[in-house]
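Here the structure comes first, spelled out in structure tokens, and everything after it is commentary.
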Amino acid sequence: DQQVKQNSPSLSVQEGRISILNCDYTNSMFDYFLWYKKYPAEGPTFLISISSIKDKNEDGRFTVFLNKSAKHLSLHIVPSQPGDSAVYFCAASGTGTASKLTFGTGTRLQVTL
Amino acid sequence: SQTIHQWPATLVQPVGSPLSLECTVEGTSNPNLYWYRQAAGRGLQLLFYSVGIGQISSEVPQNLSASRPQDRQFILSSKKLLLSDSGFYLCAWSRTGGYGYTFGSGTRLTVV
């Protein structure tokens with residue numbers, strides 16, 4: 001049962017344009033959401049997060065939007081840069097032991113010149 | 001500052017051979033520790049997590065085991081590797097009660 005879904009395995013965006021990566025979840029007990037960025041042969045690195053009490057969090061070029069009623073979140077990157085080309089994982093956490101994160105399957109973003 | 005070390009970076013092992021991957025965390029105490037695997041074309045699958053020394057929880061039945069002999073050491077093992085054990089293995093830590101992980105740099109395991 002995939003509780004966190006990223007339905008787009010890949011996305012190609014031109015440099016300077018907006019990249020929008022989407023994520024859906026099914027577990028209503030999730031109360032914290034994160035985005036990680038992963039380059040090949042490296043561990044994922046934390047990008048941005050949002051608590052369920054908010055609907056938007058912004059950090060520089062990165063903004064995460066949360067729609068709790070739709071159980072949907074999205075990551076916006078504006079403007080996109082070639083260095084943003086990576087795999088992006090959405091993750092969700094609920095309260096409980098070990099604060100386990102449930103990850104989506106990832107979206108590979110390619111920013112073209 | 002906290003750092004996480006994971007080794008080796010790459011490993012090629014024959015089917016049926018044993019496995020031992022090690023992960024250590026520095027600069028913190030009593031971390032939550034995790035082992036994840038990313039199989040080819042797949043997402044990040046949680047294999048094991050630990051909230052303390054000797055406390056291991058398994059998320060999925062598999063050919064692997066984990067141990068936590070010391071507070072900041074987490075080991076992933078197998079007695080006999082299968083071809084299906086190939087993948088990219090990631091260790092991670094988080095603070096007790098905290099959100100979000102810090103990942104190690106990963107181990108690329110190829111079973112041949």
Side-chain angles (χ1 to χ4, degrees), chain A residues 1-10 21-25 27 29-54 57 59 64 66 73 86-108, chain B residues 2-11 21 23-25 30-52 55-60 66 68 74 87-110:
Chain A
D1 176 31
Q2 191 73 28
Q3 298 186 63
V4 179
K5 302 177 183 179
Q6 294 176 256
N7 292 318
S8 298
S10 63
L21 294 90
N22 294 304
C23 178
D24 297 292
Y25 62 96
N27 190 338
M29 298 302 291
F30 288 145
D31 61 0
Y32 201 78
F33 304 89
L34 308 91
W35 285 94
Y36 281 81
K37 177 180 178 179
K38 184 182 180 302
Y39 293 116
E42 294 183 11
T45 55
F46 171 73
L47 196 56
I48 193 169
S49 63
I50 187 166
S51 164
S52 60
I53 63 173
K54 295 186 175 182
N57 188 27
D59 183 2
V64 56
L66 175 62
L73 64 156
V87 176
Y88 290 79
F89 289 97
C90 168
S93 176
T95 54
T97 305
S99 302
K100 292 184 293 178
L101 290 182
T102 300
F103 285 86
T105 52
T107 296
R108 182 177 301 278
Chain B
Q2 300 85 21
T3 55
I4 180 168
H5 303 280
Q6 187 181 343
W7 67 93
T10 59
L11 193 58
L21 301 181
C23 172
T24 59
V25 180
N30 196 31
N32 294 327
L33 296 171
Y34 312 85
W35 279 110
Y36 277 81
R37 176 172 62 198
Q38 183 185 19
R42 306 283 296 276
L44 298 172
Q45 181 185 34
L46 178 62
L47 302 176
F48 301 95
Y49 68 92
S50 172
V51 299
Q55 301 178 59
I56 308 295
S57 296
S58 174
E59 286 293 293
V60 293
R68 185 170 176 174
F74 206 22
F88 191 60
Y89 289 83
L90 289 156
C91 180
W93 78 274
S94 71
R95 297 185 191 283
T96 299
Y99 292 106
Y101 300 170
T102 299
F103 283 90
S105 53
T107 296
R108 170 71 59 192
L109 171 66
T110 304

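In what follows, chains carry the letters A, B, and so on, assigned in the order in which the sequence lines appear, proteins first and then strands, with residues in each chain numbered from 1.
When heavy atoms are compared at a cutoff of 4.5 Å, B/Q6 does not approach chain A at all. For B/L44, the parts lying near chain A are the backbone and the side chain together; criterion is any non-hydrogen pair under 4.5 Å.
Shortest non-hydrogen contact noted between A/K100 and B/Y49 is CD-CE2, 3.2 Å. For the residue pair B/L90 and A/P44, the shortest heavy atom distance occurs at CD1-CD, 3.7 Å.
B/Q38 CD to A/F89 CZ: the interatomic distance, rounded to the nearest 0.5 Å, is 4.5 Å. In this structure, NZ in A/K38 is found 10.0 Å from CZ in B/F103, a value given to the nearest 0.5 Å. For the atom pair OH (A/Y36) and OG1 (B/T102), the distance works out to 6.5 Å, reported to the nearest 0.5 Å. Atoms CD and OG1, from B/Q45 and A/T105 in turn, are 12.5 Å apart once rounded to the nearest 0.5 Å.
Under a 3.5 Å cut-off, the side chain of B/Y101 and the backbone N or O of A/L101 do form a donor-acceptor pair.
The greatest number of non-hydrogen atom pairs below 4.5 Å with chain B, out of A/G104, A/S49, A/G43, is found for A/G43. Your options are B/G104, B/S105, B/A9, B/A92, and the one with the most heavy-atom pairs under 4.5 Å with chain A is B/S105.
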